[in-house]
Structure formats: structure tokens, C-alpha cells
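Take a look at the structure set out below.
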Amino acid sequence: MQTKVRRLFSFSILMMVALVSLAAVYEPTLTSDSEVCVFFEANGTVTDAPKVWVWAGNTDGRNYVGTEWPGAAMTYMGDTQTGNKIYKWTYTGTLAMPTGLIFTWNNQGGRVDGSFTNHGYYVMGELTKIVGAGESTFVPNQNVIYELDLYNFTSQGTLAAAQQRLDYLKDLGVDIIWLMPIHPRGIQGRIGSLGSPYAPRDYHAVNSDFGTIADLKAFVTAAHQRGMQVWLDWVANHTAKDNVWITQHRDYYNSTLTSPNGYGDVYQLDYSKEATQLAMIEAMQYWIDQVDIDGYRCDYISSNTIPTSFWTRAIKALKEYKPGKTITMLGEGDMANSVPRLLVCGWDYDYAWGFQSGLVNNKNNPTGVLNQCKNLVKDLRFVDISRMVYLTNHDQNYNSSMTTQYGNNAYAFTVLTFTLYGMPMLYNGQETGYLMSRKLDYFNRTPINWNSVDNKMLNTVKALTALKHSCDALIDNGDRAAEVTFLNTGNNNVMAYTRHHNEQTALVVLNLGTSSVSTVVSGLEAGSWKRAIDVSNIDQGLTDIPVTLNATQSFTIPAGGYQVYVKGEPQSDYIPGDVNNDGEVSVADVTRIIDIITGDEADDATLKRADVNQDNEITVADVIRVIDIIIGLA
């Protein structure tokens with residue numbers, strides 16, 4: 001599509017730039033963790049001040065706080081950089097928990113229900129940058145994460161043996177290795193022959209069955225040499241009953257030892273104590289020092305006993321701990337549904353837990369799957385952080401095989417998780433189809449048989465990881481709502497969508513029905529494409545076949561089948577706003593865009609770079625965008 005240039009007088013442009021740059025933009029600020037603080041960012045569809053109705057300590061709405069239904073109007077605070085209005089409601093003091101909230105607007109034409117179980121900070125509507133909250137260090141990437149259970153990944157069950165398989169993981173297309181907990185496991189009340197990996201006995205030690213700290217360091221170093229990161233699984237909510245802290249630091253626990261959720265092998269930590277918080281942060285920093293780990297997957301972050309402020313504090317401390325070292329944080333919680341309060345802590349990823357559950361519940365309902373996909377990509381709160389998408393993990397597979405969960409659509413759903421949204425995750429053995437009919441027991445040894453290979457699944461995964469890395473359209477960039485376009489297929493069993501980024505477009509067509517289908521998909525970009533994945537011959541190897549597609553195209557796909565197409569070539573590394581292509585964004589780039597708007601000629605490549613907002617036209621909005629980049633607002 002040709003880039004349009006909107007030409008204006010230079011003086012007018014400079015005046016508009018000056019006015020926008022000087023405009024006051026409200027930045028929500030947090031104060032004390034004892035204050036319940038809710039921000040509501042309203043887009044243009046909200047025409048009046050949102051109202052909030054609050055009740056505390058029960059679920060029937062009688063013990064309301066403040067005025068009766070529909071509640072008091074929230075306080076207008078100012079606008080965002082994009083013109084959305086920000087409203088605020090605060091309550092200083094003690095609220096009985098749980099506390100419920102109902103937000104209404106447009107004379108109750110709009111409504112959102114919410115709740116929280118401890119004091120903290122919440123954002124309803126579109127995610128607002130909160131000053132004083134944790135800040136994600138998430139950057140655009142095309143990563144694939146792999147969960148590895150050391151006991152079952154190899155027959156030896158050691159770090160040294162796992163290290164020998166790093167080349168296999170690299171060839172598979174893995175970028176991040178998530179090691180399940182590496183600490184010694186509790187003995188008192190232990191489950192199974194091994195005990196639970198989520199009952200840590202010593203945060204500063206490596207399970208002797210796996211090896212030593214030196215072995216872990218060697219594993220991490222070898223992974224780094226292959227361009228892979230290593231993240232540790234971390235249990236912060238509780239410890240094993242025989243953890244060393246029980247005797248060394250009894251004060252870290254509740255005055256009366258309690259077991260959360262009835263788990264008989266662990267005791268709850270007390271996060272109301274400063275010493276507990278400092279000790280946990282120190283223990284996490286320890287592994288950055290000792291073995292140079294790259295991130296953490298944090299277990300059970302939704303725990304009501306861990307305050308929001310701890311995670312904000314811990315994440316900030318970890319990210320700032322070692323200059324030049326990036327620490328990435330993944331939280332085991334669904335921040336879109338169960339724990340929105342944690343959105344502002346600085347996490348880089350959460351679990352798309354509701355999406356995975358939705359796929360299980362709709363495995364035989366293609367319309368339901370489509371609705372789950374639309375819900376996943378439309379949530380604009382996930383702009384500064386991203387989500388991990390998955391079909392199975394240690395908890396899911398412990399209870400059910402993939403065939404039990406997803407039936408014949410397990411293959412198509414694998415394609416879905418790699419191409420729709422976020423960062424895809426594989427659980428060891430999933431890539432070979434081993435988990436289609438088998439369950440791994442992480443309380444006992446159940447080593448994977450790597451000689452049992454389903455070529456259809458393995459080649460599908462290999463093709464997907466290769467495509468994830470090479471196709472710009474599949475980038476995990478945090479702001480994906482505008483990138484996914486669901487297409488008309490004329491058949492409720494067939495789902496098709498495109499994703500577009502830079503100069504590339506990916507087309508995915510899935511048949512989620514029980515019989516072969518020939519159907520017509522409309523809304524395509526006509527021209528030359530490459531068929532990257534085709535279920536019809538995937539078990540024979542990878543495909544990359546040139547094809548021509550029309551704007552309205554017929555597809556024939558077997559039951560549970562899938563085809564993936566790519567149009568265009570990946571763009572070379574480009575810094576947004578670097579119009580002059582000199583490796584930096586500066587005032588010179590602002591001047592260049594203004595020159596183009598006011599009549600200067602430019603080649604096609606420069607015009608594309610000048611269209612910073614990627615809306616196929618060059619206007620003062622692109623000038624403003626570059627200024628925002630320079631001064632750090634974008």
C-alpha cells in the first residue's frame with residue numbers, strides 16, 4: 001500500500017508539535033500500600049464519569065462503602081498521552097476482605113465487576129502507566145519457552161545429563177529453558193517417593209540428586225553459549241516443613257505454623273514481616289550472583305498472603321540488582337481474570353490461564369474456541385507486559401494427557417498457541433507427542449522415552465518454532481490487538497486469521513471440526529505467498545512452497561487440520577523513529593519528517609521509516625511520535 005504524505009505549512013506543524021509537547025499528561029501515582037487505589041482509564045466510548053460501588057467483607061453487597069447504588073462518581077484526574085481520560089477512586093483505611101467493586105458508566109450502559117482480597121493497586125479498563133509501580137522490562141521478541149523437569153527429562157535425572165541435551169533443545173528452537181525447582185525437596189510430609197518440587201527445603205542449595213551449584217552454573221553457561229536463557233522456578237509463598245528457615249529464622253513464619261490450602265508438606269511464610277521479604281529477595285538475588293540466571297517463573301503469585309507491594313519491591317530489586325543484566329519475570333497467575341491487582345508490579349509475563357481452560361472446555365465447540373481467541377487478543381491491558389500461552393504444563397499433564405484435554409484438535413491447538421498471541425510454551429515431551437497419551441509424575445520418577453516420536457507433532461513444532469523466529473508477523477510485542485484479523489470462513493468449524501507486522505503477514509487456517517472441509521476464506525491480501533506448514537504432509541518433514549492466493553480463496557483441510565502461509569520478507573533490524581536510518585533517534589529525524597510533509601522528496605524506504613505510526617500516511621502524528629520516543633514517553 002502506498003504511503004500518503006499529508007502536506008502542511010512548516011510553521012503550523014511546529015506549532016502543533018510545540019503544543020502537544022507542552023500538553024500536561026496525567027501520570028497516576030501510587031502512595032501507600034495501606035491505600036486501596038483504583039484507576040479507571042476510559043476511552044472515547046465512555047461519555048460520563050464512571051461510578052464505583054464498593055462493598056467489603058461479604059459477597060451480597062449489603063455492607064457497602066460510601067453511597068448506595070450505583071455508587072459515587074470517580075474523580076477525573078487528567079488525560080493520557082493518547083487522549084483517554086483517567087479516573088481514580090481511593091479508600092484510605094482498613095477494608096474487610098474480600099472487597100467487591102462494580103464499575104458503571106454511560107448511565108449504567110457499561111459495567112465491569114471486580115474484586116480484590118488484599119490492599120493494593122488496581123487498574124480497570126485499559127492499562128495505565130502507574131508512576132511508583134513496578135515497570136516491566138519486556139521488549140519485543142520471538143521467543144519460545146520450554147519447561148524442563150530434571151527428574152524426567154533424562155534417565156539419569158541430573159543437570160549434567162540435561163546439559164548433554166542442550167543441542168537438541170537449540171535445534172528444536174527453544175530460546176528459554178524454565179527449570180522446575182532445583183532446590184532440595186522437603187522430607188517431612190513428602191508426597192510420592194521424591195517429594196514435591198514446590199516444597200523447598202533450602203533456597204540456597206541445589207538438590208543433590210541433580211548435582212551441585214557448580215553443575216547448575218555449567219548448565220547455565222552452556223545454555224548461554226548456545227544463545228538460550230535459563231529461568232528458575234521459584235516458590236515464594238511457603239517452604240517445606242523442614243526448611244532450614246524453620247530452625248534458623250522461625251520469625252519468618254506465622255506465629256502459629258499453618259499449611260496453605262491444606263498442603264501437608266509445607267508451612268506458610270509471613271509477608272507482613274520485613275525480615276521475610278528481605279530474606280526472600282536476597283535468596284533470589286543469590287542465584288543471579290552464583291550462576292547468572294536470566295529470570296524467574298514465580299509460583300502461586302495469586303496467594304492472598306503475599307501483598308502486591310512485595311512483588312513490586314522484589315521485581316524492582318531483581319531487575320536493578322546487576323547493572324547490564326536483564327532479569328525477566330514470569331508470574332503463575334492470570335492477571336486478566338483472577339489477579340488484575342498484579343498488573344502493576346512489573347511482571348514481564350503472566351499465564352494466559354483462562355485461555356487454556358477455555359480451549360479445554362471448548363475442544364468440541366469451534367465457535368467457543370473463536371470467542372476465546374477474540375477475548376485473548378482484545379485485552380488492551382496487556383500493552384506493557386505479555387502473556388505465556390500454553391496447552392499443557394507440569395500441573396496439567398500430571399492430571400490429564402493432551403488427547404484427554406483436547407482430543408483430535410491437540411495438533412491444531414498447538415498451531416494456535418504459536419501463531420495467535422504472546423510467548424508459546426512447551427512442556428518437556430510435548431514436542432514429540434509423548435504427552436498425547438501419557439502423564440508425567442513430578443512426585444515420582446517417570447522419565448520420558450525419547451525414542452517414542454510422533455513425527456506429525458515433532459515436525460509441526462519444529463516448523464512452528466522456525467516460523468516464530470523468522471516471521472515478523474508472529475512477534476510477541478505486547479500490543480497485539482490491532483495485529484490479529486479474524487476472517488470470514490463461511491463455516492463455523494473453520495477458523496482463519498491473519499497477523500501483520502512490518503512487511504510480513506501470516507495466515508492461519510484451522511479446521512476444528514470432525515470431518516474434512518472445503519470452504520472459502522475472504523478478506524485475504526491477494527498475491528504471492530509461501531505455504532509454510534501443511535498438515536497433509538507435515539509428518540514427512542517441513543514445507544515452504546510458493547503459492548498464489550486470491551482475495552477470496554478456497555481451502556480444503558482435513559478434520560483437526562491446519563495450514564499456515566506467510567507473505568513478504570522479514571524486515572532488517574530497525575529502530576522505530578530512526579527515519580534517517582543512522583542507528584539513533586534524534587531531532588534530525590523530527591526535522592526529516594517535517595521536510596517530507598512540507599514537500600521534500602524521499603525514496604520508498606525513507607517514506608516507510610517516516611511512517612512511524614504505521615498507518616500508511618505521514619502526518620504530524622508521526623512527528624509527535626518521534627518526539628515522544630526522544631523524551632521517553634514511548
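All values derive from a computational prediction rather than experimental measurement.
Closest heavy-atom contact between I475 and N141: CG1-O, 3.4 Å. Annotation for P558 and V535: closest pair CG-CG1, 3.7 Å, computed over non-hydrogen atoms. Scanning all heavy atoms of the two residues, the minimum distance from T556 to S516 falls at CG2-OG, 4.2 Å. Contact record, V235 with P181: CG2-CG, 4.4 Å, taken as the closest heavy-atom pair. The minimum heavy-atom distance between A412 and G560, with the atom names listed, is CB-O, 3.8 Å. Nearest heavy atom pair, residue K468 against residue L474, reads NZ-O, 2.9 Å.
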Show your reasoning for whether ring-ring contact (aromatic ring centres under 6.0 Å, His included) applies to Y434 and W450.
CA-CA 8 Å; Y434 190 76; W450 294 105; 7.5 Å; no
Should L512 and L370 be marked as a side chain to side chain contact (heavy atoms under 4.5 Å, CB included) after you check the CA-CA gap, both sets of side-chain angles, and the distance that decides it?
CA-CA 10 Å; L512 303 180; L370 177 59; over 6 Å; no
Report the C-alpha separation of R226 and D167 in whole Å, then their side-chain angles, then the decisive distance to 0.1 Å, and conclude whether the salt bridge (Lys or Arg N to Asp or Glu O under 4.0 Å) test is met.
CA-CA 8 Å; R226 291 162 174 79; D167 287 333; 2.6 Å; yes
After noting the C-alpha distance and the side-chain angles of K462 and L172, does the key distance pass the side chain to side chain contact (heavy atoms under 4.5 Å, CB included) rule?
CA-CA 6 Å; K462 284 184 174 181; L172 182 64; 4.1 Å; yes
Any chance you could lay out the side chain to side chain contact (heavy atoms under 4.5 Å, CB included) test for Y349 and M335, step after step, and finish with the verdict?
CA-CA 9 Å; Y349 291 92; M335 297 179 201; over 6 Å; no
Please walk me through it: do L179 and L216 pass side chain to side chain contact (heavy atoms under 4.5 Å, CB included)?
CA-CA 10 Å; L179 288 177; L216 178 58; 3.8 Å; yes
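Salt bridge status for D334 with R387: present, with a side-chain N to carboxylate O gap under 4.0 Å.
In this view, D299 and R297 satisfy the salt bridge (Lys or Arg N to Asp or Glu O under 4.0 Å) rule, not counting sequence neighbours.
At a threshold of 4.5 Å between non-hydrogen side-chain atoms, the residues C298 and W311 count as touching. Side-chain contact between M228 and V174: present, with at least one pair of heavy atoms (C-beta onward) separated by less than 4.5 Å. Looking at heavy atoms from C-beta onward, M423 lies out of side-chain contact with S386 at the 4.5 angstrom threshold. Side chains of Q268 and T305 form a contact here, defined as non-hydrogen atoms less than 4.5 Å apart. Side-chain contact between L426 and Y390 is absent, with no heavy atoms from C-beta onward closer than 4.5 Å. You'll find the side chain of D441 reaches within 4.5 Å of the side chain of Y398, heavy atoms only. Contact annotation: the side chain of F310 approaches that of M280 to within less than 4.5 Å [non-hydrogen atoms, C-beta and beyond]. Taking the side chain as every heavy atom from C-beta outward, C373 and L416 approach each other to under 4.5 Å.
With hydrogens and angles disregarded, a donor-acceptor distance shorter than 3.5 Å links the side chain of R190 to the backbone of L194. In this structure a side-chain-to-backbone donor-acceptor pair under 3.5 Å is present from Q504 to D472. Side chain of T505 to backbone of H500: no donor-acceptor contact under 3.5 angstrom is found. Using modelled atom types, no side-chain atom of Q356 and backbone atom of G354 make a donor-acceptor pair closer than 3.5 Å. For D202 (side chain) and H204 (main-chain N/O), a donor-acceptor pair under 3.5 Å exists by modelled atom type. For R201 (side chain) and T239 (main-chain N/O), no donor-acceptor pair under 3.5 Å exists by modelled atom type. A distance-only check finds a donor-acceptor pair linking the side chain of N362 to the backbone of G358 [under 3.5 Å]. At distances below 3.5 Å, not a single donor-acceptor pair connects side-chain atoms of D294 with backbone N or O atoms of I327. A donor-acceptor contact shorter than 3.5 Å is absent between the side chain of N243 and the backbone of G186. Side-chain N or O atoms of R185 include one that pairs as donor or acceptor with a backbone N or O of G195 at under 3.5 Å.
Residues N444 and S193 have side chains that bring a donor and an acceptor to within less than 3.5 angstrom of each other. Between the side chains of S452 and N449, no donor-acceptor pair of N or O atoms lies under 3.5 Å. Checked by atom type, the side-chain pair N143/H469 shows no donor-acceptor distance below 3.5 Å. The closest side-chain donor-acceptor pair between Y151 and D209 falls under 3.5 angstrom. Between N237 and S303, the side chains place a donor N or O and an acceptor N or O closer than 3.5 Å (distance only, hydrogens not considered). Using modelled atom types and a 3.5 Å distance limit, the side chains of Y427 and D395 yield no donor-acceptor pair. A donor and an acceptor atom, one from each side chain of T414 and Y562, are nowhere located under 3.5 Å apart.
A distance of 6.5 Å separates CG of L487 from CG of L507, quoted to the nearest 0.5 Å. To the nearest 0.5 Å, the span separating NE2 on H183 from CH2 on W234 amounts to 4.0 Å. One distance of note links CG of L318 with OG1 of T326; it measures 12.5 Å at 0.5 Å rounding. Atoms CD1 and CZ, on I182 and F210 in that order, are 8.5 Å from each other to the nearest 0.5 Å. Separating the NE2 atom in H501 from the CD atom in Q142 is a distance of 8.0 Å, to the nearest 0.5 Å. To the nearest 0.5 Å, atoms SG (C471) and CZ (F418) are separated by 14.0 Å.
Each of D233, D149, N428 was scored for a side chain to side chain donor-acceptor pair (under 3.5 Å) with W178, with one residue passing: D233. When each of I177, I293, T328 is tested with W231 by the rule side chain to side chain contact (heavy atoms under 4.5 Å, CB included), just one qualifies, namely T328. Of the candidates D348, I385, I301, M329 forms a side chain to side chain contact (heavy atoms under 4.5 Å, CB included) with just one, namely D348.
No more than 12 heavy atoms of other residues, nucleotides or ligands sit less than 6.0 Å from atom CG of N492. Within a 6.0 Å radius of NZ in K217, other residues, nucleotides and ligands contribute 12 heavy atoms or fewer.
Cation-pi contact between K363 and F413: absent, since separation from the ring centre below 6.0 Å together with deviation from the ring axis within 45° is not met.
For an aromatic pair to be called close, the ring centres must be under 6.0 Å apart, and Y198 with F443 fails this.
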Name every donor-acceptor pair, under 3.5 Å, that has one atom in a side chain of residues 157-164 and the other anywhere in the protein, sequence neighbours excluded.
unit_1	atom_1	unit_2	atom_2	d
T158	OG1	A161	N	3.0

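Aromatic ring pairs are classed by plane angle as parallel below 30°, tilted from 30° to 60° and perpendicular above 60°; the pair Y203 and W245 is tilted.
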